[in-house]
Amino acid sequence: MIFSKTAIKIDGHSATLDSFIPNVTNGFLGNGSRPAVIILPGGGYAGLADHEADPIALKFCSEGVPAFVLYYAVKPDGKIFPVALAQALTAVKYVRERSEEFGIDPNNIATLGFSAGGHLCATTGTLWNSPVLDKYLDGDRNAYRPDKMILCYPVISAGSTPHIGSFENLTGKSFDSLTDDEKLLLSTEKQVGSHTPPAFIWSTAEDTGVPPLNSIVMAKALTENHIPFELHIYPHGYHGLSLGTHVTTPATFGNNYGCADWSDKAIAFMFDKFEVK
């Protein structure tokens with residue numbers, strides 16, 4: 001495996017992209033045909049959760065998928081929106097431009113995010129072509145677009161059961177002071193359209209931190225816009241389970257949470273092919 005670090009600078013703010021590139025082994029898909037995933041840890045836009053970073057990258061690498069962890073801007077690192085989004089999209093472009101070097105299919109690059117990182121992930125797929133990014137991104141905007149999204153117990157809506165702290169940290173404003181237009185822009189289910197890539201979504205019914213209604217309204221929006229998606233609402237599990245195994249939870253070895261199969265399903269989703277109409 002090759003490991004490296006890359007700095008991504010946007011508007012004076014520097015993010016770090018950690019690259020985990022597994023070797024191409026005999027009998028596996030050859031160079032140029034592997035999917036890749038860019039991981040966006042959660043933390044309410046106020047921090048970045050370690051257990052939603054390297055353990056996820058190593059899980060995907062174990063299945064031959066090159067993985068990249070982005071340590072994007074969080075409070076109090078200046079104005080987060082849309083800086084963190086510009087950093088995430090620049091990471092997509094970085095991976096795509098080096099697809100030959102990394103043995104990656106340039107048309108199969110996913111963003112994956114947890115909780116507030118799930119909101120950031122959702123914005124990569126819904127706002128990548130938005131005018132709010134004109135100051136931060138140049139050239140062909142399609143170069144920044146992810147091909148898939150993997151949304152893990154994501155913050156989605158500023159309208160339906162909003163995670164108020166995430167939106168306050170993201171905008172630097174009290175939630176009550178946000179305008180209707182600002183809430184509309186940041187409600188990613190309201191920004192879904194034909195430009196949005198296919199999505200894999202999972203949450204748990206017992207999640208009181210970010211209720212599963214966030215995932216459900218996103219799935220509804222994808223349905224209405226004829227975007228392929230896969231949705232799993234597991235009956236049990238608290239917010240922030242990450243892998244749902246002993247690696248990221250207090251569970252003992254061999255006693256995984258029922259949702260622990262999400263990562264295998266998401267990896268299968270990475271290798272799936274979709275024809276978006």
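Along the sequence shown, the residues carry numbers beginning at 1. Just so it is clear, the model here is predicted, and its values are computed rather than measured.
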Query raised in the report: Does the ring of F200 carry K148 above it, NZ/CZ under 6.0 angstrom from centre and within 45° of its axis?
Result: no

Requested in this report: Taking side-chain contact (heavy atoms from CB on, under 4.5 Å) as the test, write out the residues that go with K220, two or more places apart.
Outcome: E224

Query raised in the report: Do P197 and R145 come within less than 4.5 Å of each other through their side chains, counting heavy atoms only?
Result: yes

Query raised in the report: Is the shortest side-chain N to carboxylate O distance from D134 to R141 below 4.0 Å?
Result: yes

Query raised in the report: Do the non-hydrogen side-chain atoms of V69 and F20 ever get within less than 4.5 Å of each other?
Result: yes

Report task. If the plane angle is over 60° it's perpendicular, under 30° parallel, otherwise tilted; pick one for W128 and H195. Result -> tilted

Query raised in the report: Of the options W262, F274, W202, which is the one that meets F269 in a ring pair (Phe, Tyr, Trp, His ring centres under 6.0 Å)?
Result: F274

Report task. Before accepting this row, confirm whether a basic side-chain N of the pair K173/E182 lies closer than 4.0 Å to the acidic partner's carboxylate O. Result -> yes

Report task. Classify the side-chain pair T188/T123 by whether it contains a donor and acceptor separated by less than 3.5 Å. Result -> no

Report task. Check the angle between the aromatic planes of F175 and F167 and answer parallel, tilted or perpendicular using the 30° and 60° thresholds. Result -> tilted

Output a table of donor-acceptor pairs, distance under 3.5 Å, between side-chain atoms of residues 37-62 and any protein atom two or more places apart or on a different chain; print 'none' if there are none.
from : atom 1 : to   : atom 2 : distance (Å)
Y45  : OH     : H119 : ND1    : 2.9
Y45  : OH     : L120 : N      : 3.2
H51  : NE2    : G240 : O      : 2.9
E52  : OE1    : G42  : N      : 2.8
E52  : OE2    : Y153 : OH     : 2.6
K59  : NZ     : D264 : OD1    : 3.0
S62  : OG     : K59  : O      : 2.5

Query raised in the report: Donor-acceptor pair, S187 side chain versus E189 backbone, under 3.5 Å?
Result: no

Query raised in the report: Do S174 and S177 have a side chain donor and acceptor closer than 3.5 Å?
Result: yes

Query raised in the report: Of the non-hydrogen atoms in A86 and L137, which two are nearest, and what is the gap between them?
Result: O-CD2, 4.0 Å

Query raised in the report: Quick one: do the T6 and Y94 side chains pair a donor with an acceptor below 3.5 Å?
Result: yes

Query - Check: L127 and L185 side chains under 4.5 Å, non-hydrogen atoms - result: yes

Query - Side-chain donor/acceptor of R34 to backbone N/O of N108, under 3.5 Å - result: no

Report task. With rounding to the nearest 0.5 Å, note down the distance linking OG in S157 to CG in N214. Result -> 6.5 Å

Can you give me every donor-acceptor pair (side chain of residues 227-234, partner residue at least two apart or in another chain, under 3.5 Å) with its distance?
from : atom 1 : to   : atom 2 : distance (Å)
E230 : OE2    : H232 : NE2    : 2.7
Y234 : OH     : D261 : OD1    : 2.6

